[in-house]
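Reviewing the structure listed below.
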Amino acid sequence: MYKSISARYVSAQRCAEALDLLHSGACLQLKQGEVTCGSELAVMLVDALVKGKIPCDPEILDRIRKIYKLFPQIPVPSNFAVEDDVQELTEALGAAKTRLHGCSSFLKAAIKWSAEFGADKNGDPQLHTMLAEYIYSESPEMDMAKVSYHFVRGNNLKKFATTLVNFMSKCYPGEDDIAIARAILMYLSMGNLQDASSLMEELKKQVQAQELEFPVSDLIQFINLLLLTLEKETLPLFNALRVKYKPSIDREPAFNELVCDIAEKFYGVQRRNPFQDMFGDMLKMM
């Protein structure tokens with residue numbers, strides 16, 4: 001009924017009424033635990049925003065935030081003691097995936113809308129932060145690359161640092177320094193040296209406050225030296241770091257791409273086109 005009536009409102013260009021109906025419907029369904037229905041109506045609300053060419057403003061963002069807060073946040077069980085609980089674990093994981101898919105679909109659509117009809121070409125930072133938080137809290141299979149992707153486009157650096165410290169306390173050995181390096185490199189690949197440096201400072205502050213040990217590795221050493229190098233804008237030193245710490249950079253396939261982005265952002269170093277290189281080699285052979 002919600003879908004049918006709201007579709008009529010949209011067709012009649014009665015956008016305000018459609019938004020009111022879809023917002024109330026999404027909230028009602030989510031309050032009742034009907035995640036699939038609630039997320040579907042939430043996505044329809046964003047579709048109505050796009051069709052009505054509604055600008056991204058605080059009032060609409062507040063509506064989106066209210067819907068987001070109604071998505072259930074239930075910790076996924078990490079282990080069970082007896083085999084009889086396998087079915088319970090399977091059901092819990094299935095429910096978590098449903099929640100994650102529903103909320104992610106809604107927020108990704110909202111981010112795309114805000115990028116088209118808002119001031120930030122990457123989408124509204126508040127929406128990115130919401131999505132990063134939900135992925136981290138609800139994903140049965142932790143993907144820190146996705147979490148970091150949205151946090152670096154968000155507006156809550158302290159929360160990002162807290163999430164990384166939390167991840168460090170429960171990840172496998174060797175994943176903690178990669179998570180930190182990924183976060184810093186992502187900021188830098190966007191040309192954001194200030195937040196990259198601030199995140200590193202906040203991480204060290206929180207680790208010290210919790211009496212934890214900050215990761216010590218060649219990769220972390222590379223990140224610290226990279227931050228200092230970019231402040232001084234010295235390309236020769238940047239290139240020297242890339243060579244010296246190549247084994248550390250190669251630990252994560254995406255790091256080389258991020259470092260290339262950093263070289264382009266800070267030093268104007270253009271990427272080499274592999275097709276042009278191949279064509280040049282062919283000419284040499286001829």
Is the shortest heavy-atom distance from the side chain of [X] to the side chain of [Y] under 4.5 Å?
| X | Y | value |
| --- | --- | --- |
| Gln208 | Phe214 | no |
| Leu131 | Ile135 | yes |
| Ile262 | Leu230 | yes |
| Ser6 | Met44 | yes |
| Ser24 | Leu28 | no |
| Phe151 | Leu164 | no |
| Tyr187 | Ser197 | no |
| Phe167 | Val147 | no |

Run the side chain to side chain contact (heavy atoms under 4.5 Å, CB included) check on Leu188 and Leu227 step by step: do they pass?
CA-CA 9 Å; Leu188 295 175; Leu227 290 171; 4.1 Å; yes
Donor-acceptor pair, [X] side chain versus [Y] backbone, under 3.5 Å?
| X | Y | value |
| --- | --- | --- |
| Ser114 | Ile111 | yes |
| Thr234 | Pro236 | no |
| Arg65 | Gln126 | no |
| Ser39 | Thr36 | yes |
| Ser198 | Asp195 | no |
| Ser148 | Ala183 | no |
| Arg242 | Val259 | no |
| His128 | Asn122 | yes |

Starting from [Y], can I reach [X] by hopping between I/L/V/M/F/W/Y residues whose side chains sit under 4.5 Å apart?
| X | Y | value |
| --- | --- | --- |
| Leu237 | Val269 | no |
| Leu41 | Met1 | yes |
| Ile67 | Val10 | no |
| Leu228 | Leu226 | no |
| Tyr136 | Ile74 | no |

Shortest non-hydrogen separation from [X] to [Y] and the atoms involved:
| X | Y | value |
| --- | --- | --- |
| Ala109 | Val46 | O-CG1, 3.4 Å |
| Ala161 | Gln206 | CB-NE2, 3.6 Å |
| Ala145 | Met186 | O-CE, 3.6 Å |
| Leu127 | Ala110 | CD1-O, 3.5 Å |
| Pro55 | Trp113 | O-CZ2, 3.6 Å |
| Ala42 | Phe106 | CB-CD1, 3.4 Å |

In terms of side-chain heavy atoms, does Ser217 have a donor or acceptor partner in Asp177 at a distance below 3.5 Å?
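Ser217 vs Asp177: donor-acceptor pair found between side chains.
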Could you check whether the rings of Phe238 and Tyr267 sit parallel, tilted or perpendicular, using 30° and 60° as the cut-offs?
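If you compare the ring of Phe238 with that of Tyr267, the planes turn out tilted.
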Classify the angle between the aromatic ring planes of Phe222 and Tyr245 as parallel (below 30°), tilted (30 to 60°) or perpendicular (above 60°).
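Correct class here is tilted.
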From [atom1] ([X]) to [atom2] ([Y]), nearest 0.5 Å:
| X | Y | atom1 | atom2 | result |
| --- | --- | --- | --- | --- |
| Leu199 | Leu157 | CG | CG | 5.0 Å |
| Cys56 | Ile64 | SG | CD1 | 7.0 Å |
| Lys112 | Phe117 | NZ | CZ | 10.5 Å |
| Glu231 | Phe266 | CD | CZ | 10.0 Å |
| Glu138 | Ser104 | CD | OG | 10.0 Å |
| Gln73 | Tyr68 | CD | OH | 5.0 Å |

Look at atom NZ of Lys232 and say whether more than 12 heavy atoms of other residues, nucleotides or ligands are closer to it than 6.0 Å.
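Counting other residues, nucleotides and ligands, NZ of Lys232 stays at 12 neighbours or fewer.
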Check whether more than 12 heavy atoms from other residues, nucleotides or ligands sit under 6.0 Å from atom CD of Gln210, and answer yes or no.
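It does: Gln210 CD has more than 12 such atoms within range.
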Tyr9 vs Asp20, side chain to side chain donor-acceptor pair (under 3.5 Å): CA-CA, chis, key distance, verdict:
CA-CA 10 Å; Tyr9 282 152; Asp20 289 341; over 6 Å; no
Looking at [Y] and [X], is any side-chain nitrogen of the basic one under 4.0 Å from a carboxylate oxygen of the acidic one?
| X | Y | value |
| --- | --- | --- |
| Asp250 | Lys246 | yes |
| Glu202 | Lys205 | yes |
| Arg63 | Glu59 | yes |

Take Leu70 and Lys66 through the side chain to side chain contact (heavy atoms under 4.5 Å, CB included) test and state the conclusion after the steps.
CA-CA 7 Å; Leu70 290 173; Lys66 287 178 180 176; 5.9 Å; no
Between Met200 and Asn224, is the side chain to side chain contact (heavy atoms under 4.5 Å, CB included) condition met? List the steps.
CA-CA 9 Å; Met200 183 61 85; Asn224 285 322; 3.8 Å; yes
Does the side chain to side chain contact (heavy atoms under 4.5 Å, CB included) test come out yes or no for Ile60 and Ile54, once each step is laid out?
CA-CA 9 Å; Ile60 298 295; Ile54 307 298; 4.2 Å; yes
